[in-house]
Amino acid sequence: DKDCTPLDLARGQSADCTIRLQNRSQDPVDVSLTDEIPSRMALDPDSVVGADVPGDNLIEFNGTLVGMDPPIITVESAVSPHGYVSLASFGTIAPLGCPENCDDGGFIVDGIDIDYAGVHYTSGIVSVNGTLELGTASGLPASHINQNLPDVALPNNVLAPWWTDLDLRTSGNWYWGRLQQDAIQWDVFEWEDVPRYGDASSTFTFQIWLERGTDNIHFVYDDYTGVTTGGTTGAESDDGTVGDTRYFDGTGILPWAGGSDLRVSAVPGAPGSAHTISYTKEAVKKGKWENCAEMTSTQGNAINCVDGKITN
């Protein structure tokens, strides 16, 4: 971005300008920036920091901005704050009911309050098949085809306590409730005795606990019966390039066999490199002015302008 202060000047008065560049991707970015000072103003070439002055009233920068580090996402054994708490036992939390497709469908949920990998989320997509996508970027609930996380295929940003082919058409329930102890509130998503598709003898009960206003996320487990060979327990980033799978299709530690519940940790990656350009320009001629910095890069192009006026 770019800013100059002040924007309205008298002739002979100076304005201080700053241009800030930052790489918000994980890849290095080659950047070329030019800033041509309008003819009503005069650049002080000795004031320029962070750029070259190849000509009168012209600033130029060429360089490479290092990409940001990816987040670090882990799913590890941990004692959950309260263990398994049946949402049905309260008698006041109604089941979510069937979406349009009670086998492969889901709902958009608004009103959560959780930080994940440095991003704050207030909505998500919960799937019959045992997942919660933070945010709604995919636009789709997770299908019955579970992934070995991370996976760039949609959906991304998935929390998967038990992603498998579940079916609510014949039995089982699922819930979303908000629980509170003292000043701490949790959004709890529960799949209760939900059977596997085509296999009523294989049922699963598990939960996702999100502590509101924090990054505290837990997977909590109760009972299961039957077949567990096809399923995923894990979590991933918003682009599906970083994540952690604890169990996938028979490989790893089955969550019910691990001896404890699980905690999901998503540490934000370090930001990409930044570059700052500053300079001073003097008002020399009365009238309105506009000053634009133009950037081209391997990630795209941008123009950022400021404008003001010069008086007597």
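In what follows, every heavy atom counts, from backbone to side chain, and hydrogens, waters and symmetry copies are set aside. Computed from a predicted model, the values in this text were never measured in an experiment.
- Other residues, nucleotides and ligands place more than 12 heavy atoms under 6.0 Å from the CD atom of Gln185.
- Counting only N and O atoms by type, the side chains of Asp261 and His218 include no donor and acceptor under 3.5 Å apart.
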Apply side chain to side chain donor-acceptor pair (under 3.5 Å) to Trp209 and Glu211, showing your working. CA-CA 6 Å; Trp209 286 59; Glu211 183 180 349; over 6 Å; no
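- A donor atom on one side chain and an acceptor atom on the other are found under 3.5 Å apart for Arg246 and Ser77.
- Salt bridge status for Lys288 with Asp307: absent, with no side-chain N to carboxylate O gap under 4.0 Å.
- Proximity of a side-chain donor or acceptor of Thr298 to a complementary backbone N or O of Asp30 within less than 3.5 Å is detected.
- Using a cutoff of 4.0 Å between basic side-chain nitrogens and carboxylate oxygens, Asp1 and Arg20 are scored as salt-bridged.
- Atom OH of Tyr175 sits in a crowded spot, with more than 12 heavy atoms from other residues, nucleotides or ligands closer than 6.0 Å.
- Between Phe61 and His275, the distance from one ring center to the other falls under 6.0 angstrom.
- Counting heavy-atom neighbours within 6.0 Å of Leu7 CG, excluding the residue itself, gives a total above 12.
- Each of Asp35, Asp46, Asp44 was evaluated against Tyr279; a single residue qualifies, Asp35, per the side-chain hydrogen bond (donor to acceptor under 3.5 Å, both in side chains) test.
- Side-chain atoms of Asp223 and Thr205 form no donor-acceptor pair, as typed in the model, at a separation below 3.5 Å.
- Of the options Tyr221, Trp256, Phe248, Tyr224, a ring-ring contact (aromatic ring centres under 6.0 Å, His included) to Trp162 is made by Trp256 and by none of the others.
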Go through the steps to decide whether His144 and Asp104 satisfy the test side chain to side chain donor-acceptor pair (under 3.5 Å), and finish with yes or no. CA-CA 6 Å; His144 64 282; Asp104 252 7; 2.9 Å; yes
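- Checking side-chain atoms of Thr225 against main-chain N and O of Ser201 turns up a donor-acceptor pair under 3.5 Å.
- Checking side-chain atoms of Asp244 against main-chain N and O of Glu236 turns up no donor-acceptor pair under 3.5 Å.
- A side-chain contact (heavy atoms from CB on, under 4.5 Å) with Trp191 holds for exactly one of Asn129, Val126, Thr131; it is Val126.
- Under the 3.5 Å distance criterion, with hydrogens and angles disregarded, no donor-acceptor pair is assigned to the side chains of Asn57 and Lys281.
- A donor-acceptor pair is defined here as one N or O able to donate and one able to accept, closer than 3.5 Å; no such pair exists between the side chain of Tyr121 and the backbone of Gly124.
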Report the C-alpha distance between Asp165 and Arg196 in whole Å, list the side-chain angles of each, state the deciding distance to 0.1 Å, and finish with yes or no for salt bridge (charged side-chain N to carboxylate O under 4.0 Å, His left out). CA-CA 6 Å; Asp165 188 2; Arg196 185 189 295 273; over 6 Å; no
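- Of the possible polar contacts, none joining the Thr136 side chain to the Gly139 backbone as a donor-acceptor pair under 3.5 Å is found.
- No side-chain donor-acceptor contact under 3.5 Å links Ser123 to the backbone of Asp110.
- Looking at Thr74, its side chain never comes within 3.5 Å of a backbone N or O of Glu76 through a donor-acceptor pair.
- Of the possible polar contacts, none joining the Trp176 side chain to the Leu96 backbone as a donor-acceptor pair under 3.5 Å is found.
- Taking 4.5 Å as the limit, some side-chain heavy atom of Tyr116 sits within range of a side-chain heavy atom of Ile217.
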Chi angles and distances behind the side chain to side chain donor-acceptor pair (under 3.5 Å) call for Thr18, Ser278: CA-CA 4 Å; Thr18 304; Ser278 62; 5.7 Å; no
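- Clustering ILVMFWY residues whenever any of their side-chain heavy atoms sit less than 4.5 angstrom apart, transitively, puts Leu210 in a cluster other than the one holding Trp163.
- With Gln147 contributing its side chain and Leu154 its backbone, the two residues share a donor-acceptor pair below 3.5 Å.
- Considering only heavy atoms from C-beta on, Cys4 comes within 4.5 Å of Val306 through its side chain.
- Atom CG of Asp16 has more than 12 neighbouring heavy atoms from other residues, nucleotides or ligands inside a 6.0 Å radius.
- The closest side-chain heavy-atom distance from Val66 to Asn23 is not below 4.5 Å.
- The backbone N or O of Asp193 lies less than 3.5 Å from no partner atom in the side chain of Thr203, so there is not a single donor-acceptor pair.
- A side-chain donor from one of Ser138 and Glu133 sits under 3.5 Å from a side-chain acceptor of the other.
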Derivation of the side chain to side chain donor-acceptor pair (under 3.5 Å) call for Tyr84 and Gln207: CA-CA 8 Å; Tyr84 172 72; Gln207 298 174 324; 4.8 Å; no
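- Taking a 6.0 Å sphere around CD of Gln180, one finds it holds more than 12 heavy atoms contributed by other residues, nucleotides or ligands.
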